[in-house]
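This report refers to the structure that appears directly beneath it.
Computed from heavy atoms alone, side chains included, the values below leave out hydrogens, waters and symmetry copies. Just so it is clear: chains get the letters A, B, ... in the order the sequence lines come, proteins before strands, and each one is counted from 1.
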Number of protein chains: 2
Amino acid sequence: MSDNDIVNDLLQAGELEDQLTPKQRQILQAAVEMFAEKGYASTSTSEIAKRAGVAEGTIFRHYKTKKELLFAIVSPMITKFAVPFFAQHFVKQVFDREVSGYEELLRNLIHNRFEFVKENVTLLKIVLQEVAFHEELQERYKSIFRENVLESFEETVKHFQEKGQIKDYPVHSVIRLTISTIIGFLVTRFIIMPDYDWDDEKEIDRTIDFIMNGLEK
Amino acid sequence: MSDNDIVNDLLQAGELEDQLTPKQRQILQAAVEMFAEKGYASTSTSEIAKRAGVAEGTIFRHYKTKKELLFAIVSPMITKFAVPFFAQHFVKQVFDREVSGYEELLRNLIHNRFEFVKENVTLLKIVLQEVAFHEELQERYKSIFRENVLESFEETVKHFQEKGQIKDYPVHSVIRLTISTIIGFLVTRFIIMPDYDWDDEKEIDRTIDFIMNGLEK
DNA sequence: TTCCATAGTGAGTGATTACTCACTTTACAA
DNA sequence: TTGTAAAGTGAGTAATCACTCACTATGGAA
């Protein structure tokens, strides 16, 4: 999967959302709701059609198969979640000395992804569920993660290790600990305990503190 | 859900495994394999019967419905994963001063659960997938977690906070950060990157170090 | 040997599945 | 106004679904 494909996906996704027929939009909306509620496999196309208020045939006019409908929903999300997770401008900031340290980087990152998850929990639930069973999605996810997140992240961690700001753990361990703490927070906040009385700002501060102290020399 | 139910479950589970008919064992084995591969909803009872080498009717002789078969697999696992996650004897150790600090407790905990996950990845994948869609399972999980893990864990964290070993974050934050770091490690190790060339002992040490430094005063 | 409960069977059930296709409606350019 | 491509329809289809039931096989107690 080349860089071009990824860009095309984003463009396609962006453009498509404006080119959508009203009925097509209703279909996507209904599908997202039901996939999140009962899962892809146990949602039937007839149910989707009913909730969308369209004929069942209309679904297959726009999507050749049920699976194609799933991928139309899920594929753009994989890109949108992974890519800005560690977007290019973060790395630029770092090397242009616009960012003072790993902590400020972390703060940008976590705030940025917090807002994104907040607005896309439903869609991300579907991704999380379905990635497990579709190899195509796994490979898509892996290559996007490798090319857009991992490479930049590695550079950055090395940079801060050389500056003596963080421990000399293997780069992969630093990344693993950082990301799994952040994702652990987001999953707890929005999926496991969304109804708990969260003080988001303080909890984010504690999470950043925890990572920084954990990695500090 | 009372303590009795939980104990009964464990006993039932334990006893059942010995009381199982050969064919019933084959059914469970086949079901576990296929649920993990393709998911519960997209595995048919006829496929299970075929792989188990039994007639489809035999499945329904032992399990009234397909869902009952799923629960027979998943329910004991929820208990087995959650309960020893923070079992009674850990807490005893702590208050009997048999354990010197949070770090040793952590080390016991992480080693213990590491071995368990290693031997039960397949089953835990199914649990992870299906808990999302079955409220009965969610409630079962929540009550077991609350009664067997959370209460003991809260006591212990308070204890170490009073001794001045760990930060005065809200107890829930300490627990969340600890557990999500551990689970983050286990998920990365066994589900996301099981084929990576892991140095388990060192990675466990780093994970413990990370948590300790992150929480230390 | 006889009896009986339990285990196992597989053809059969109606409901539901993803998907098709011949058709109608809509929107817009010529 | 007419022509045409795309959007939308819903009855129809073969396949598959979870589950039933009348039946046979098995193994141990009386």
Side-chain angles (χ1 to χ4, degrees), chain A residues 12 15-75 126 129-130 133-137, chain B residues 12 15-75 126 129-130 133-137:
Chain A
Q12 260 189 343
E15 279 170 22
L16 257 168
E17 263 180 52
D18 297 329
Q19 285 174 351
L20 291 178
T21 295
K23 302 241 166 187
Q24 197 173 353
R25 201 179 290 273
Q26 290 164 34
I27 290 168
L28 286 173
Q29 182 61 34
V32 165
E33 286 169 20
M34 307 208 64
F35 289 168
E37 278 169 30
K38 339 193 321 176
Y40 165 75
S42 35
T43 303
S44 69
T45 48
S46 73
E47 286 175 297
I48 296 172
K50 195 181 280 179
R51 175 162 330 185
V54 303
E56 204 175 343
T58 310
I59 295 177
F60 293 96
R61 169 97 15 214
H62 294 287
Y63 307 96
K64 269 175 254 171
T65 61
K66 189 188 162 193
K67 199 168 181 172
E68 198 178 89
L69 170 60
L70 172 70
F71 284 11
I73 290 169
V74 150
S75 300
I126 301 174
Q129 282 291 325
E130 296 309 324
F133 299 127
H134 304 273
E135 276 190 39
E136 313 94 303
L137 294 181
Chain B
Q12 261 190 344
E15 280 170 23
L16 257 169
E17 262 179 52
D18 297 329
Q19 286 175 350
L20 291 179
T21 294
K23 302 241 167 188
Q24 196 172 355
R25 201 180 290 273
Q26 291 164 33
I27 290 168
L28 285 173
Q29 181 62 34
V32 166
E33 286 169 19
M34 308 207 64
F35 288 168
E37 278 170 29
K38 339 191 325 175
Y40 165 75
S42 35
T43 303
S44 69
T45 48
S46 72
E47 287 175 297
I48 296 171
K50 196 181 278 178
R51 174 158 333 180
V54 303
E56 203 174 344
T58 311
I59 295 176
F60 292 96
R61 169 101 9 217
H62 295 286
Y63 307 97
K64 267 175 258 171
T65 62
K66 189 188 162 194
K67 199 167 181 172
E68 198 178 88
L69 169 61
L70 172 69
F71 284 12
I73 290 169
V74 150
S75 298
I126 301 173
Q129 281 292 325
E130 297 308 325
F133 298 126
H134 304 273
E135 276 190 38
E136 311 96 304
L137 294 180

Point to revise | DNA chain C-proximal residues of residues 42-51 of chain B, any heavy atom under 4.0 Å | key: none

Exercise for review: Please name the pair of heavy atoms, one in A:Y63 and one in A:Q24, separated by the smallest distance, quoted to 0.1 Å.
Suggested key: OH-NE2, 3.2 Å

Anything under 3.5 Å between a donor and an acceptor, one on a side chain of residues 26-36 of chain B, the other on a protein residue two or more places apart or in another chain? List them.
| unit_1 | atom_1 | unit_2 | atom_2 | d |
| --- | --- | --- | --- | --- |
| B:Q29 | NE2 | B:E33 | OE2 | 2.9 |
| B:E33 | OE1 | B:R51 | NH1 | 2.7 |

Point to revise | All side-chain hydrogen bond (donor to acceptor under 3.5 Å, both in side chains) counterparts of B:S44, not counting sequence neighbours | key: B:S46, B:E47

Using nucleotides 8-15 of chain D, report all nitrogen or oxygen pairs with the protein that are shorter than 3.5 Å.
| unit_1 | atom_1 | unit_2 | atom_2 | d |
| --- | --- | --- | --- | --- |
| D:dG8 | OP2 | A:H62 | NE2 | 2.7 |
| D:dG8 | N7 | A:R61 | NE | 2.9 |
| D:dG8 | O6 | A:R61 | NH2 | 2.9 |
| D:dT9 | OP1 | A:K23 | NZ | 3.0 |
| D:dT9 | OP2 | A:A55 | N | 3.0 |
| D:dT9 | OP2 | A:T58 | OG1 | 2.6 |
| D:dT9 | O4 | A:R61 | NH2 | 3.2 |

Review point. How would you list, by chain and number, every residue that makes a side-chain contact (heavy atoms from CB on, under 4.5 Å) with A:K67, sequence neighbours excluded?
Key: A:Y40, A:T65, A:F71, A:H134, A:E136

Review point. Testing A:L69, A:T21, A:V54, A:L20 for side-chain contact (heavy atoms from CB on, under 4.5 Å) with A:H62, which one passes?
Key: A:T21

**Study point:** Spacing between B:K64 atom NZ and D:dC21 atom C1', to the nearest angstrom
**Key:** 17 Å

Practice item. Give me the bend of the helix from C:dT1-D:dA30 to C:dA30-D:dT1, using the axes of the five pairs at each end, rounded to 10°. Key: 0°

Study note, to complete from the structure: A:K67 NZ to C:dC19 P, in whole Å, measures 10 Å

**Study point:** Non-neighbouring partners of A:T45 that pass side-chain hydrogen bond (donor to acceptor under 3.5 Å, both in side chains), sequence neighbours left out
**Key:** A:E56

Review point. For the atom pair OG1 (B:T43) and CD1 (B:I126), what is the distance rounded to the nearest 0.5 Å?
Key: 9.0 Å

**Study point:** Counterpart residues, salt bridge (charged side-chain N to carboxylate O under 4.0 Å, His left out), relative to A:K50 (two or more places apart)
**Key:** none

**Study point:** Value in whole Å for how far the P atom of C:dA7 lies from OH of B:Y63
**Key:** 11 Å

Study note, to complete from the structure: In whole angstroms, the gap separating C1' of C:dT16 from NZ of A:K66 amounts to 12 Å

Point to revise | Contact list for DNA chain C against residues 26-41 of chain A - heavy-atom distance below 4.0 Å | key: none

Review point. Within this structure, what is the CZ-to-P distance between A:F60 and C:dA22, rounded to whole angstrom?
Key: 17 Å

Point to revise | Spatial distance of atom CZ (B:F133) from atom CG (B:L70) [nearest 0.5 Å] | key: 12.0 Å

